[in-house]
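See structure below.
Here is how names work: the chains are called A, B, and so on, in the same order as the sequence lines, proteins then strands, and each is numbered from 1.
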Number of protein chains: 2
Amino acid sequence: MQRDNAGSTIATSTGRLRQRRRSNEVSPEVSNANGTHLLVDDRNKYQSMLVRAYSSVWMIGGFAFVIYMGHLYIWAMVVIIQIFMAKELFNLLRKAHEDRHLPGFRLLNWHFFFTAMLFVYGRILSQHLVNTMTVDKFFYKLTSRLIKYQMVICYFLYIAGFIWFILTLKKKMYKYQFGQFAWTHMILIIAFTQSSFTVANIFEGIFWFLLPASVIVINDIAAYFFGFFFGRTPLIKLSPKKTWEGVIGGSVTTIISAFVLAECFSHFEWLTCPRKDLSTSWLYCEPSSVYKPENYTFPGWVPQWFPWKEVSVRPVQWHSLCIALFASCIAPFGGLFASGFKRAFKIKDFGDSIPGHGGITDRMDCQMLMAVFAYIYYHSFVVLENYSVDILLDQILRNLSVDEQKTLLDKFNQTFLDRQLRGS
Amino acid sequence: MQRDNAGSTIATSTGRLRQRRRSNEVSPEVSNANGTHLLVDDRNKYQSMLVRAYSSVWMIGGFAFVIYMGHLYIWAMVVIIQIFMAKELFNLLRKAHEDRHLPGFRLLNWHFFFTAMLFVYGRILSQHLVNTMTVDKFFYKLTSRLIKYQMVICYFLYIAGFIWFILTLKKKMYKYQFGQFAWTHMILIIAFTQSSFTVANIFEGIFWFLLPASVIVINDIAAYFFGFFFGRTPLIKLSPKKTWEGVIGGSVTTIISAFVLAECFSHFEWLTCPRKDLSTSWLYCEPSSVYKPENYTFPGWVPQWFPWKEVSVRPVQWHSLCIALFASCIAPFGGLFASGFKRAFKIKDFGDSIPGHGGITDRMDCQMLMAVFAYIYYHSFVVLENYSVDILLDQILRNLSVDEQKTLLDKFNQTFLDRQLRGS
């Protein structure tokens, strides 16, 4: 609620600004006092901003602590956020009157949700789970077997939900029920599956989770303040509080911060090493070449005028620029989508979980687009040389039983021996 | 349209049957003439059944011809069906009045559709495409590069559509537009993506496309006739024309036919060999062991009474029983889902493309569930142990350069060493 208030503050302020510019000749001294004046004017709005800042500090602190604790805790955090998001979104289009006539229909949504969770996390993390276990123990064999049939299990859970849905269809409720069915699926795709990509990113190295998430937050805050202090030209009708000044100022800030953050993060093995299992132990690794500084010599004329001969940049910093560009130019459309949706269904916020911010979904709208982009970007442009090797190795380890892996290894070794014989 | 007429014929006929059973003592001779009587009664309905039978014969003939032509033609057929289905479904919830105010909004649906097509078929068939080409030619390199960035390309096409959607949002239309957005996504998942699994099945061997598709058709027809002649006990309110007698008679027929069909199909290399490229040339292969007959000896007491000592069954015939069981017990829920949906939105048929049958979607409702099941079943239970080993080894040797193969071998050996260390 407060968020929209803050939004309308800016909306009114830009509105007044435009009026003022038009009547600029008459009273030029009023326009100097614009933002402050409005805030001082209304104690409530000032306080709502304080509440928002206060809960932001707590959130950022908690986030930093979770990052420090490690991969498993970050995963747990993502899952908790997803459950809260799903709860908010499930409740959104529910009608109490219709639900009273449909016992167990709420449960069905959660059945689909947990099936999706089993499917998505099973695909992302099954290999990590196997790597965590001691070979040849009973649980190891049980797990490998479960993983082999993971797709079948998930499919039958889904089909069970599907049949459950059909059997609970009630006359005169059809339209409401099919609407709910579609809505559940949309939540699972747009909110759940998209945000699950973060988990894949976490295990490739916390860097690939932390950097994208941070640049989104930085872009949000920077755009907010640039818009607040310099915002004059409205950007799009859908979201009257967004201004060109805010977007451009936010972008520049984001790009610079991303470049700096990537440099900082690269110093920590905790952030850069991928994790192949589900333990929380300390991580050591030979850092990948993307995190190692490379020297770039300036063209001849620069050293004549400045005291710089060369500059040292890590490749990951160039990558971070692309991520920042996405975060400031494309991810905000996630926010526009959410606010358009809220307008369509005449909702102020998706929920009221975070004081001063609205629901959790309100804070996550851009993060979801970003997670998918970070995942695709990492797998298409960052994992360089050994890309196809790693993918195939992953396929082998995921799809074959231990015995089959042994067979494959033997055959593979044999092929190399044959080749050497033929070669010599 | 005619289909629903036929449906209501049966509904009325079972209704009358139940009435008749109650008044059985009064006029027993009427119940003998039930179905025929009704059909003779109404020339229109008799003719509609003729039309339906006529177009069915054409469809089955065309289908057989396409199967004979081969994998690429079957794929083309699937794509054409998908386009027609998408067209029917897109038009379903469209309102002409709203669309007039939203130029280009129809195009957006097709943009999403073709993006989904590029994504799904890219994932299924990229390796086949590479295998078709001559190595080291220009197009080979171009294609490999395009395939490497396939995910990025599709993602940006999707994001472009997403931004397009947000930019065309118009006041007072929000709810309609978001509804359309959700509807498009539901079509892409439920109709398009599900039916695309058939294409993956085709290239594993036409068998895995033809058998599932046939048993669905057989089950439909058998259930229809059993219901028509013996149907007394209604099954579910949602679909009054379905009876227990129809379902049970259909199931038994389906299971027997599947067992026989699997035996017949196993004789043709054209149907059993997987295809690794996109050519239409003749297929030769060493048939996989699932297609080879195995002898089962009867227990001692059977030969005493019957002249049989052992029976020869191909493993694929046991598999076909599972597929038939799914086709007769679970796939019909796809049809129930579709008919529930039609009731919810007060539609008679999804379209009118096939004379006597309604729209293409009306004929495909159960096929879609089946396609996914066949895919998952094949990959979880049929691909035998060393088969997957061989496939992976094949992929390794074909796709990696010699250096990469060496890297992979080293990493693979390392993984085994690590595991042994953890184990000891």
Side-chain angles (χ1 to χ4, degrees), chain A residues 134-136 148-149 151-152 155 159 162-163 165-167 169 171 174-175 177-178 182-183 185-186 189-190 236-238 330 333 336-337 340-341 343-345 369 372-373 376-377 379-381 386 388-390 392-393 395-397 399-401 403-409 411-413 415-416, chain B residues 148-149 151-152 155 159 162-163 165-167 169 171 174-175 177-178 182-183 185-186 189-190 236-238 330 333 336-337 340-341 343-345 369 372-373 376-377 379-381 385-386 388-389 392-393 395-397 399-400 402 404-409 411-413 415-416 419-420 422-423:
Chain A
T134 319
V135 186
D136 292 327
K148 196 181 164 193
Y149 295 116
M151 211 157 48
V152 184
Y155 183 69
I159 286 291
F162 183 74
I163 292 178
F165 168 76
I166 290 165
L167 294 180
L169 280 175
K171 240 179 181 170
Y174 290 158
K175 208 160 179 177
Q177 289 181 300
F178 275 94
W183 177 233
H185 279 70
M186 289 304 288
I189 299 155
I190 291 192
I236 189 173
K237 272 189 195 162
L238 192 67
I330 295 179
F333 281 97
L336 287 176
F337 183 81
F341 181 86
R343 260 149 225 271
F345 291 89
L369 269 186
V372 181
F373 176 76
I376 292 178
Y377 185 86
H379 285 276
S380 302
F381 299 109
N386 291 328
S388 33
V389 171
D390 285 339
L392 274 169
L393 188 60
Q395 274 192 12
I396 294 168
L397 297 177
N399 297 332
L400 301 185
S401 72
D403 289 341
E404 288 169 339
Q405 288 176 21
K406 192 92 197 80
T407 319
L408 178 60
L409 188 59
K411 282 194 178 187
F412 197 14
N413 275 319
T415 319
F416 261 83
Chain B
K148 196 182 163 193
Y149 296 117
M151 208 157 52
V152 184
Y155 182 70
I159 287 290
F162 183 74
I163 292 177
F165 168 75
I166 289 165
L167 294 180
L169 280 175
K171 240 178 179 168
Y174 291 157
K175 208 161 179 175
Q177 289 181 300
F178 274 94
W183 178 233
H185 279 72
M186 290 305 288
I189 298 157
I190 291 191
I236 188 173
K237 273 188 194 162
L238 193 68
I330 295 180
F333 281 98
L336 287 177
F337 183 81
F341 180 86
R343 261 149 225 273
F345 291 89
L369 269 187
V372 180
F373 177 77
I376 292 178
Y377 185 86
H379 285 277
S380 303
F381 299 109
E385 292 98 71
N386 286 327
S388 38
V389 170
L392 275 169
L393 189 60
Q395 276 192 12
I396 293 168
L397 298 178
N399 297 332
L400 299 185
V402 179
E404 285 173 333
Q405 288 176 22
K406 191 90 195 79
T407 319
L408 177 60
L409 187 59
K411 282 195 175 187
F412 197 11
N413 276 317
T415 317
F416 261 82
R419 246 185 229 160
Q420 279 166 2
R422 263 190 295 135

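Looking at B:I189, only its side chain comes within 4.5 Å of chain A, counting heavy atoms on both sides. Residue contact with chain B, scored on non-hydrogen atoms closer than 4.5 Å, involves the backbone and the side chain of A:L369 alike. If you measure heavy-atom distances from A:K171 to chain B, you find no contacts under 4.5 Å at all. When heavy atoms are compared at a cutoff of 4.5 Å, B:F341 approaches chain A by way of both its backbone and its side chain. Contacts between A:L409 and chain B at a heavy-atom distance below 4.5 Å involve backbone atoms as well as side-chain atoms.
Annotation: side chain to side chain contact (heavy atoms under 4.5 Å, CB included) contacts of A:L167 (sequence neighbours excluded): A:I163, B:I236, B:F333.
In this structure, A:R343 CZ and B:L169 CG are separated by 10.5 Å, a value rounded to the nearest 0.5 Å. To the nearest 0.5 Å, atoms CG (A:N413) and CZ (B:F412) are separated by 9.0 Å.
When all heavy atoms are compared, the tightest approach of B:A344 to A:Y174 is CB-CB, 3.4 Å. Shortest non-hydrogen contact noted between A:V152 and B:S380 is CG2-OG, 3.0 Å.
Using the six-membered ring where Trp is involved, B:F337 and A:F165 have ring planes that are tilted, between 30° and 60° apart.
B:I159 has its side chain out of reach of A:F373: every pair of non-hydrogen atoms, C-beta onward, lies at least 4.5 Å apart.
For the set B:Y377, B:W183, B:F345, the count of heavy-atom pairs under 4.5 angstrom toward chain A peaks at B:F345.
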